[in-house]
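Reading through the structure tokens given below for one structure.
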Amino acid sequence: MTKLVDGFGRRIEYLRLSVTDRCDLRCSYCMPADHKDFSEPDHWLTFAETEQIVRVFANMGLHHLRITGGEPLVRRNVTDLIRRLHDIPGIDDLSLSTNATRLGKMAGELKSAGVSRVNVSLDTLKADRFRAITKGKLEKVLAGLRAAKEAGLSPVKINMVVMDGINVDEVDEMVEFCGKNDFTLRMIETMPQGDTGRSCSSSYVSLQDIEKDLVKKYDMIPAVTRGGGPARYLQMRNSKTTVGFITPMSQHFCETCNRVRLSVEGTLYLCLGQNDKVELRPFLRAGISDEDLQQVLIEAIASKPERHEFNEQPGKIVRFMSMTGG
Ligand code: SAM
Ligand code: SF4
């Protein structure tokens, strides 16, 4: 089998697939409150086009697929798409990133379609703060989390973007909430992705000090298991509670990067923090064969950049996280 290896010897085994750039929330660090400039439906990859790309990737050893967005659960019939992608030979790990507003209704059908685990964005447990950060209702997300648990989606990981003056004072509360509910908390540093991410740079917090504080307070030790992604995990010595740290700014992890991202329009982004990309939609609309698409993907992966430059060039990435498939 041909394997996908980039110019720096990294094996690419993981695709983050954005199925929409739309969202029912407006998180301050992600999408502008008045954003309306969404992709045209004619430009969206069809389910068949998406399936062809994933199939050809999977023929070259890609096995982890994460469905994301925008908010993936606002894409009509997304469960049908997920079922088709789950059936592709080689895809053995199908996960979902969601804001969970629709998980209350959809968790069961998603689990039956093949989603095994979910990452849910949740920055606060206070309803007024939640509204201020996202413009949405906390209660819906909490209902979504309960439904995820009941449906047997496991593990449930909570992604918390930690921001100074906004939610940094809730870290302990989030650790305890996640411990009690058997969720894995992952704290994330704000990235200067689009104007939205940059406008939050004044509230940027390095997670290095928070990590040191938690180690002392909860007697945490490095966790044995890793998630296969960029998070470093710590575990409480006397319990199963684990906490992850995603530190793109204070300690980047590009040397172990194993992923690329595909937008709803069929743009293959080779790095979250660079503009390198390959437009796949024109090839698909011209009826490209699997063999030729394989060659296009091999060449694309060969051009994957070595690392992001969020610190050196914070103004470089104009697109919002919701457009790339964060
Ligand atoms: N809507 C889904 C959700 O919120 O989980 C999936 C897409 S969202 C773009 C994926 C992740 O990107 C979320 O965990 C969100 O917190 C994170 N994110 C968005 N903008 C970010 C930024 N500027 N810096 C760090 N993380 C960001
Ligand atoms: Fe929507 Fe997720 Fe972006 Fe929040 S982080 S605006 S939920 S896409």
Side-chain angles (χ1 to χ4, degrees), residues 16-36 38-39 66-75 78 95-103 106 110 115 117-124 130-138 140-141 144-145 148 156-164 166-167 174 183-207 229-231 244-250 252 259 261-264 269 272-273 308 310-311 314-326:
R16 296 180 70 108
L17 173 69
S18 172
V19 295
T20 181
D21 60 344
R22 294 169 194 238
C23 186
D24 52 350
L25 298 183
R26 291 289 182 275
C27 301
S28 53
Y29 44 75
C30 180
M31 207 191 282
D34 58 355
H35 186 63
K36 290 200 180 64
F38 293 110
S39 165
R66 174 172 294 278
I67 311 296
T68 181
E71 174 45 42
L73 303 188
V74 306
R75 175 87 188 250
V78 69
S95 58
L96 171 77
S97 285
T98 174
N99 62 29
T101 57
R102 297 176 183 216
L103 212 45
M106 296 177 70
L110 289 164
V115 174
R117 56 201 182 93
V118 285
N119 289 3
V120 171
S121 279
L122 181 61
D123 303 323
T124 174
F130 186 84
R131 178 167 285 283
I133 298 170
T134 71
K135 312 283 179 291
K137 287 196 180 132
L138 175 66
K140 276 192 179 177
V141 176
L145 286 170
V156 174
K157 295 183 182 169
I158 304 289
N159 285 341
M160 174 190 190
V161 177
V162 181
M163 293 167 282
D164 195 26
I166 297 187
N167 64 351
M174 288 290 282
F183 301 148
T184 302
L185 177 64
R186 297 160 11 123
M187 285 175 257
I188 306 178
E189 292 175 344
T190 319
M191 287 174 259
Q193 188 88 28
D195 291 345
T196 41
R198 277 188 289 280
S199 69
C200 292
S201 59
S202 54
S203 49
Y204 164 76
V205 188
S206 160
L207 293 178
F245 300 84
I246 302 181
T247 54
M249 306 301 290
S250 66
H252 76 75
R259 67 200 54 197
R261 293 172 164 83
L262 184 67
S263 80
V264 65
Y269 288 106
L272 187 59
H308 71 67
F310 284 137
N311 288 307
K316 192 165 187 176
I317 305 301
V318 178
R319 60 184 191 270
F320 308 123
M321 191 73 95
S322 57
M323 293 170 165
T324 315

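All ligand and atom numbering here is 1-based and tracks the order in the structure. Note that the numbering runs from 1 along the sequence shown for the chain.
- For ligand 1, none of its N or O atoms has an N or O atom of P72 under 3.5 Å away.
- Near C27, meaning under 4.0 Å from one of its heavy atoms, ligand 2 places the atoms 4 (Fe), 5 (S), 6 (S), 7 (S).
- Geometrically, ligand 1 and S121 share a nitrogen or oxygen pair separated by less than 3.5 Å.
- Contacts between T98 and ligand 1, counted as non-hydrogen atom pairs separated by less than 4.0 Å, involve the backbone only.
- Of the N or O atoms in Y29, one or more lie within a sub-3.5 Å distance of an N or O in ligand 1.
- Annotation: the span from R22 atom CZ to H35 atom NE2 amounts to 9.0 Å, rounded to 0.5 Å.
- We find the CG-OG distance between D21 and S263 to be 8.0 Å, quoted to the nearest 0.5 Å.
- Annotation for R198 and P192: closest pair NH1-O, 3.2 Å, computed over non-hydrogen atoms.
- For C23, every heavy-atom contact with ligand 2 shorter than 4.0 Å involves the side chain, none the backbone.
- Between the choices M191, R198, M163, M249, the shortest heavy-atom distance to atom 22 (C) of ligand 1 belongs to M191.
- In this structure, the side chains of I188 and F245 stay at 4.5 Å or more apart for every pair of heavy atoms.
- Heavy atoms of G69 stay at 4.0 angstrom or farther from ligand 2.
- On a distance-only criterion, S97 and ligand 1 share no N/O pair closer than 3.5 Å.
- Every atom of ligand 1 with a heavy atom of V161 under 4.0 Å away is listed here by number and element: 16 (O), 26 (N).
- If you check which protein heavy atom lies closest to atom 3 (Fe) of ligand 2, you get C30 SG, 2.4 Å.
- Annotation for ligand 2: atoms under 4.0 Å from non-hydrogen atoms of G70 are 8 (S).
- Ligand 2 lies within reach of L25, whose nearest heavy atom is under 4.0 Å from it.
- Here the side chains of R261 and L17 are not in contact, with every heavy-atom distance at 4.5 Å or above.
- For ligand 1, the polar-atom distance check against G70 finds a nitrogen or oxygen pair separated by under 3.5 Å.
- For G69, the closest heavy-atom approach to ligand 1 falls below 4.0 Å.
- With ligand atoms numbered from 1 in the order given, ligand 1 contributes 14 (O) to contacts under 4.0 Å with heavy atoms of N159.
- For D34 and R26, the salt-bridge test fails: no basic side-chain N is under 4.0 Å from an acidic carboxylate O.
- Checking each of V74, D24, T134 against N99 for a side-chain contact (heavy atoms from CB on, under 4.5 Å) leaves exactly one that passes, namely D24.
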